[in-house]
Number of protein chains: 2
Amino acid sequence: MPKSPANTARSKRAGSQLTPDAIIEASLRIAARGSEDAFTVRRLGEELGADPTAIYRHFRDKDELLLSVADRTLGEVLDSIPEGLDWKGRIRALADGSLAVALKYPVVGSAMASRTTRRPNEFRVVELILGAVMEAGLEGAEAALHYRMVADSLLAYVGQQAAYFLFDAEARAADESAWTREYRLVDPRAFPNITRLSTELAEVADEQIFEATVGALISAIEKRAETLRGA
Amino acid sequence: MPKSPANTARSKRAGSQLTPDAIIEASLRIAARGSEDAFTVRRLGEELGADPTAIYRHFRDKDELLLSVADRTLGEVLDSIPEGLDWKGRIRALADGSLAVALKYPVVGSAMASRTTRRPNEFRVVELILGAVMEAGLEGAEAALHYRMVADSLLAYVGQQAAYFLFDAEARAADESAWTREYRLVDPRAFPNITRLSTELAEVADEQIFEATVGALISAIEKRAETLRGA
DNA sequence: ACCTGAACACCGTTCAAGT
DNA sequence: ACCTGAACACCGTTCAAGT
């Protein structure tokens, strides 16, 4: 925070009082528009009422800005998790919050799926997951491993959903109609299972899939803890 | 396949006998170079010894080319799965093969994580997973749901790994050193779990995480099948 | 000390012109 | 029928010049 030592001599122009925070907030506003509005340096300049390249005074490059923006959205996720939940509840709340925030800011969710922000809120998320798996009964290397399983799987899944959300409507429609079109027209002899289940395949809802995936992760932790208790 | 009706009057110039197949193969060669070589239309033109824009004669746009390339890599995955495995073995082989191929062609693996190719080899993968979950004892909507869980989770995870592989060495080193640097230096009072497990967190291997994730998916299917058999 | 704006080295894609 | 190459509308980023 000790970046802008004195705010004397401000407001020469309306929107162009540039600070890292202002840039992050403008980024979030653009990101929230999803596929409507590309998240580019030039667009960010417009949003800030400043020259696009002014951003480089406050962030080394676009990647570093994105990392900071991502950490901010992680804060939103953390704030959405209620107090007093047991370990399963906390993991579920984290999962739901992550998905919601990733879909709210799809560019961020999609770009950060394979990254580590190494910033404050990421530490808080790590601490939360570790606390959950330890409460479940895991410790040491087992706790570390299952933390990574939950974190990586969740991030990957949520990032994938965000990336999908980022497509323009046309490309998305083509992908979605596959289940009700292409998959209904396959050769029944070559693809008997697809033929048999084509209706059911088209009816699976995204929420069910996410719920099943998160459930699988929680069960895996539970099962491992039981096995270790037994030994 | 009935795209090039007659191959008369060929070889006017050496490398510029353009066919969809030749373009896909050139794409795979570039993709296999990972972060060394960007997969751009211009680079593809060089690889083919043709003008970059000649590609648009054979594919509507880069996305359609990528979809075709992706389906080809799915073929490689399928070919790597041995015959005669039980359902768990088939899912494990599919998972391992997908990861291997995604890391072999990281641009493809990363770009396709949130896509559907709607092409022949994708049908074969769907058929394979459906066969596995049905052999496990699931049917109807349950089989469809668990197919989606396996497919989406695997694709997301594998795509994430591929995207990570695509970073230049520097960015990757920064991310990796986080566990042995930043995470060792956190405030022990604010982050007791991280502090306690910092050594173990740095030691978790990628293979373990993938194994745990795939295991969690398989267990979830098994557990659901047991529950249904009981009812 | 910070912002501006021209400029650079890239992208994917279109389209008139060539053979 | 297919390929070429100039051109267009974008990108992220650098750097000298302004205030």
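Here is how names work: the chains are called A, B, and so on, in the same order as the sequence lines, proteins then strands, and each is numbered from 1.
For D63(A), the salt bridge (charged side-chain N to carboxylate O under 4.0 Å, His left out) partners two or more places apart in sequence, or in a different chain, are R115(A). Partners of D21(B) under the salt bridge (charged side-chain N to carboxylate O under 4.0 Å, His left out) rule, at least two apart in sequence or in another chain, are R72(B). Under the salt bridge (charged side-chain N to carboxylate O under 4.0 Å, His left out) criterion, R189(B) pairs with no residue at all, not counting sequence neighbours.
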I'd like a table of donor-acceptor pairs (distance under 3.5 Å, sequence neighbours excluded) in which one partner is a side-chain atom from residues 90-100 of chain A, with atom names and distances.
| unit_1 | atom_1 | unit_2 | atom_2 | d |
| --- | --- | --- | --- | --- |
| R90(A) | NH1 | L85(A) | O | 2.8 |
| R90(A) | NH1 | E135(A) | OE1 | 3.2 |
| R90(A) | NH2 | E135(A) | OE1 | 3.0 |
| S98(A) | OG | L94(A) | O | 2.6 |

Please tabulate, one pair per line, all N/O donor-acceptor pairs under 3.5 Å involving side-chain atoms of residues 45-57 of chain A, not counting sequence neighbours.
| unit_1 | atom_1 | unit_2 | atom_2 | d |
| --- | --- | --- | --- | --- |
| E47(A) | OE1 | R33(A) | NH1 | 3.3 |
| E47(A) | OE1 | R33(A) | NH2 | 2.9 |
| E47(A) | OE2 | R29(A) | NH1 | 2.7 |
| E47(A) | OE2 | R33(A) | NH2 | 3.3 |
| D51(A) | OD1 | T53(A) | N | 3.0 |
| D51(A) | OD1 | T53(A) | OG1 | 2.7 |

What pairs of donor and acceptor atoms, side-chain ones from residues 101-110 of chain A against any protein atom, are under 3.5 angstrom apart with sequence neighbours left out?
| unit_1 | atom_1 | unit_2 | atom_2 | d |
| --- | --- | --- | --- | --- |
| K104(A) | NZ | E76(A) | OE1 | 2.9 |
| Y105(A) | OH | E76(A) | OE2 | 2.6 |

>> I'd like to compare against my own output: the B/S/- annotation of nucleotides 5-15 of chain C with a strict under-4.0 Å heavy-atom distance to protein.
In response: BBB---BBBB-
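Listed by first then second residue, pairs satisfying side-chain hydrogen bond (donor to acceptor under 3.5 Å, both in side chains) with a partner in residues 153-167 of chain B read Y164(B)-E176(B), not counting sequence neighbours.
Checking side-chain atoms of E122(B) against main-chain N and O of T117(B) turns up a donor-acceptor pair under 3.5 Å.
Here dT4(D) presents its C1' atom at 12 Å from CG of L18(B), a figure rounded to the nearest Å. With rounding to whole Å, H58(B) atom NE2 is found 9 Å from dC3(D) atom C1'.
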> How would DNA chain D look in dot-bracket form, 5' to 3', counting Watson-Crick and G-U wobble pairs with both distances under 3.5 Å and writing | for bases paired to another strand?
Replying inline: ||.|||||...|||||.||
